[in-house]
Amino acid sequence: MRKSLIASLLAAGAASLFAAPALAAEPAEKCTALGQMDFAQTPDAPAQILEAAYVAANGDQPGLCRVTGIVTSATSFEIQLPVERWNGKFLQAGCAGFCGRTMGWYCRDATARGYACIVSDLGHRSAMASPGAPSLSAIWADGNDSAQIDHGFRASHATTVIGKAIVAGFYGKDADRSYFNGCSEGGREALIAAQRFPWDFDGIIAGAPAMDVGRSFLSQIWNDRAMHGPDGQPLFNPTSLAFARDAVLKACDSNDGVMDGIIGDPRQCRFDPGVLSCKPGSSDACLTQPQTQALGALIGGPRTRAGTPIAPGLSPAVAWGRLMAPGTAGRTVPASYGEEFFRYLGFSPAPGGSWKAAAFDFETDYRRSGVADALLSATNPDLRRFRDAGGKLILYHGWDDHLIAPGITVDYYETARATMGGQAATDPFFRLFMVPGMDHCALGGGAWAVDYLTYLENWVEKGDAPDRLVATRPKLPADPVQAFARIGRFPVPADEVEFTRPIYPYPQRYRYDGRGDPTKASSYKSTK
């Protein structure tokens with residue numbers, strides 16, 4: 001079966017990133033000396049260095065001291081320290097999926113900018129869906145309370161503490177600024193930091209966060225079930241999926257003032273899948289009743305039989321075909337995540353590996369994830385300590401996310417905004433950006449590449465609040481190694497830009513001004 005584009009790109013990047021480790025004498029010696037330092041007495045994060053090796057400069061990557069180690073309680077980490085051109089800053093990158101590996105290539109943009117950058121496995125080892133791709137397995141959590149605590153919050157914080165200690169040991173001074181950048185599971189880690197460890201970072205970027213774990217994972221089971229018939233077979237084929245998506249775009253594409261295949265704000269889209277139902281004797285393209293019911297279930301979101309909402313639904317414009325991407329053991333990716341979560345983490349006690357997603361009861365089981373939510377979820381809207389510590393938080397989510405319902409993020413932001421005293425009181429330290437046409441963390445039909453780190457630096461270091469972001473839709477090379485190298489790298493070269501869009505702080509949205517070049521962000525204005 002074909003791997004997803006993200007999995008292919010990650011696999012290619014993981015295999016190619018740290019080629020050419022030729023040694024240079026002085027940097028190598030400095031790196032070796034770091035490996036001999038004792039970090040066993042680091043408060044809150046006793047650690048052991050396992051290896052410290054010099055990696056020569058390569059392309060836009062500076063020469064790096066690449067250090068691996070173990071920090072309490074059983075968290076593996078990797079920190080990459082520029083030997084030259086250190087910018088004086090520290091960045092922690094979040095992991096992905098169920099973690100289980102130190103994904104060092106997540107640091108590649110940060111180290112190219114001169115950051116010292118650290119990643120961790122979040123306290124456990126886990127098999128990956130494919131080389132370099134996020135893990136779909138949660139068996140590491142089976143009966144392992146310590147691993148669950150690490151995954152929930154301890155490992156990420158301990159990684160922060162030891163990362164800062166290693167930076168000080170290597171450079172002889174503390175970092176001037178500290179940042180966190182993560183998406184999906186990494187976005188959950190980011191919000192955990194803001195809510196539970198508000199003094200760890202000056203600035204935080206949280207993307208598409210898996211923050212509300214019970215609702216996020218039950219939604220994945222709901223969506224997978226909606227896309228399949230009682231016999232387990234897919235209800236849609238590529239033709240019927242394309243027909244449905246075209247119908248949605250025809251109804252709602254122009255709500256941002258331009259017909260471009262992107263719905264600017266799905267909240268403004270009033271689409272009833274029932275209008276696509278086949279009529280008796282009709283020869284036109286149409287959908288069967290099970291298909292229209294499936295789309296209604298996806299858009300409406302998980303509900304009880306009485307119609308009580310349990311979680312938000314997906315955007316009407318989401319690329320529904322991605323819900324059928326293969327995961328593990330014949331399951332789809334959403335079903336794989338949801339099933340693994342409730343097997344080992346979501347219920348207390350955990351039912352274990354014999355439990356199947358088909359057994360999830362939407363009448364009662366949504367009430368059973370309270371223990372997991374207390375341990376893992378990052379939904380506390382009271383951010384006063386983070387605000388008072390001077391922290392800045394950029395939260396973002398793609399409107400066309402097919403894995404985590406964007407409405408969960410909107411709901412959290414609106415709750416936090418009300419808790420903090422309204423828009424005027426929240427804007428000085430916390431802003432949400434909803435990205436039209438973007439799927440989960442990246443890709444999709446819209447302009448999805450945003451240099452969030454530069455916007456955050458300007459906010460923290462210069463006081464320039466992000467009133468408007470510019471998102472780019474880049475042209476990705478066909479070669480997966482080259483394509484992987486472009487995702488998350490900035491600036492995007494001018495000859496690789498397809499089009500740009502402005503992204504305004506929620507609840508603002510963009511609208512075409514009707515006059516300028518529709519491929520340019522400058523031709524759009526803010527509206528509510």
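These values consider heavy atoms only, across backbone and side chains, with no hydrogens, waters or symmetry-generated copies. Index from 1, following the sequence.
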Verify, without hydrogens or angle tests, whether [X] (side chain) and [Y] (backbone) share a donor-acceptor contact under 3.5 angstrom.
| X | Y | result |
| --- | --- | --- |
| Asp451 | Phe490 | no |
| Thr472 | Pro474 | no |
| Trp222 | Ala297 | yes |
| Arg225 | Phe360 | yes |
| Arg385 | Asp382 | no |
| Gln195 | Asn380 | yes |
| Gln80 | Gly104 | yes |
| Asp253 | Leu249 | no |
| Ser254 | Met259 | no |
| Arg101 | Ser126 | yes |

Between [X] and [Y], what is the shortest heavy-atom contact and its length?
| X | Y | answer |
| --- | --- | --- |
| Cys269 | Ile263 | SG-CD1, 4.4 Å |
| Thr292 | Pro273 | CG2-O, 3.4 Å |
| Asp400 | Ser315 | OD1-OG, 3.5 Å |
| Phe433 | Pro466 | CZ-O, 3.3 Å |
| Thr426 | Ala416 | OG1-O, 4.5 Å |
| Pro312 | Pro302 | O-CD, 3.8 Å |

Roughly how far, to the nearest 0.5 Å, is [atom2] of [Y] from [atom1] of [X]?
| X | Y | atom1 | atom2 | answer |
| --- | --- | --- | --- | --- |
| Ile204 | Leu383 | CD1 | CG | 9.0 Å |
| Met420 | Tyr413 | CE | OH | 11.0 Å |
| Met434 | Asp401 | CE | CG | 8.5 Å |
| Cys107 | Glu78 | SG | CD | 7.0 Å |
| Ile139 | Glu340 | CD1 | CD | 7.5 Å |
| Thr159 | Asp150 | OG1 | CG | 9.0 Å |

*Just one of Val435, Asp260, Val450 clears the side-chain contact (heavy atoms from CB on, under 4.5 Å) bar with Arg501, so which one?*
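For Arg501, the side-chain contact (heavy atoms from CB on, under 4.5 Å) check succeeds only for Asp260.
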In terms of ring plane angle, is the pair [X] and [Y] parallel, tilted or perpendicular, where the classes change at 30° and 60°?
| X | Y | answer |
| --- | --- | --- |
| Phe342 | Phe347 | tilted |
| His151 | His124 | tilted |
| Phe430 | Tyr412 | tilted |

*asked:* Walk me through whether Ile70 and Phe77 qualify under side-chain contact (heavy atoms from CB on, under 4.5 Å).
replied: CA-CA 6 Å; Ile70 302 290; Phe77 66 85; 5.6 Å; no
*List the steps, then state whether side-chain contact (heavy atoms from CB on, under 4.5 Å) holds for Ser156 with Ile192.*
CA-CA 9 Å; Ser156 187; Ile192 286 287; 5.7 Å; no
*In terms of side-chain geometry, is the basic nitrogen of Arg215 or Asp411 positioned less than 4.0 Å from the acidic oxygen of its partner?*
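Yes, Arg215 and Asp411 are salt-bridged.
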Should [X] and [Y] count as side-chain neighbours, where that means a heavy-atom distance under 4.5 Å?
| X | Y | value |
| --- | --- | --- |
| Cys99 | Glu185 | yes |
| His157 | Asp200 | yes |
| Thr379 | Ile408 | no |
| Tyr504 | Arg509 | no |
| Thr68 | Thr102 | no |
| Tyr506 | Arg417 | yes |
| Tyr106 | Leu91 | no |
| Ile205 | Phe180 | no |

_Could you walk me through whether Phe341 and Val213 satisfy the side-chain contact (heavy atoms from CB on, under 4.5 Å) test, starting with their C-alpha distance in whole Å, then the side-chain angles of each, then the deciding distance to 0.1 Å, before giving a yes or no?_
CA-CA 9 Å; Phe341 174 77; Val213 293; 3.9 Å; yes
*Those residues that, when tested against Ala247, pass side-chain contact (heavy atoms from CB on, under 4.5 Å) (two or more places apart)*: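 Partners of Ala247 under the side-chain contact (heavy atoms from CB on, under 4.5 Å) test: Phe271, Leu276.
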Between [X] and [Y], do the side chains contain an N or O donor and an N or O acceptor separated by less than 3.5 Å?
| X | Y | value |
| --- | --- | --- |
| Asp121 | Thr75 | no |
| Thr160 | Gln92 | yes |
| Gln291 | Gln293 | no |
| Asp373 | Ser369 | yes |
| Tyr344 | Gln148 | no |

*Please lay out, stage by stage, how Asp265 and Asp256 fare under the test side-chain contact (heavy atoms from CB on, under 4.5 Å).*
CA-CA 7 Å; Asp265 187 344; Asp256 56 7; over 6 Å; no
*Would you please test Asp44 and Arg154 for salt bridge (Lys or Arg N to Asp or Glu O under 4.0 Å) and show each step?*
CA-CA 10 Å; Asp44 303 321; Arg154 182 168 59 192; over 6 Å; no
*Chi angles and distances behind the ring-ring contact (aromatic ring centres under 6.0 Å, His included) call for Tyr396, Tyr452*: CA-CA 9 Å; Tyr396 71 90; Tyr452 296 103; 4.0 Å; yes
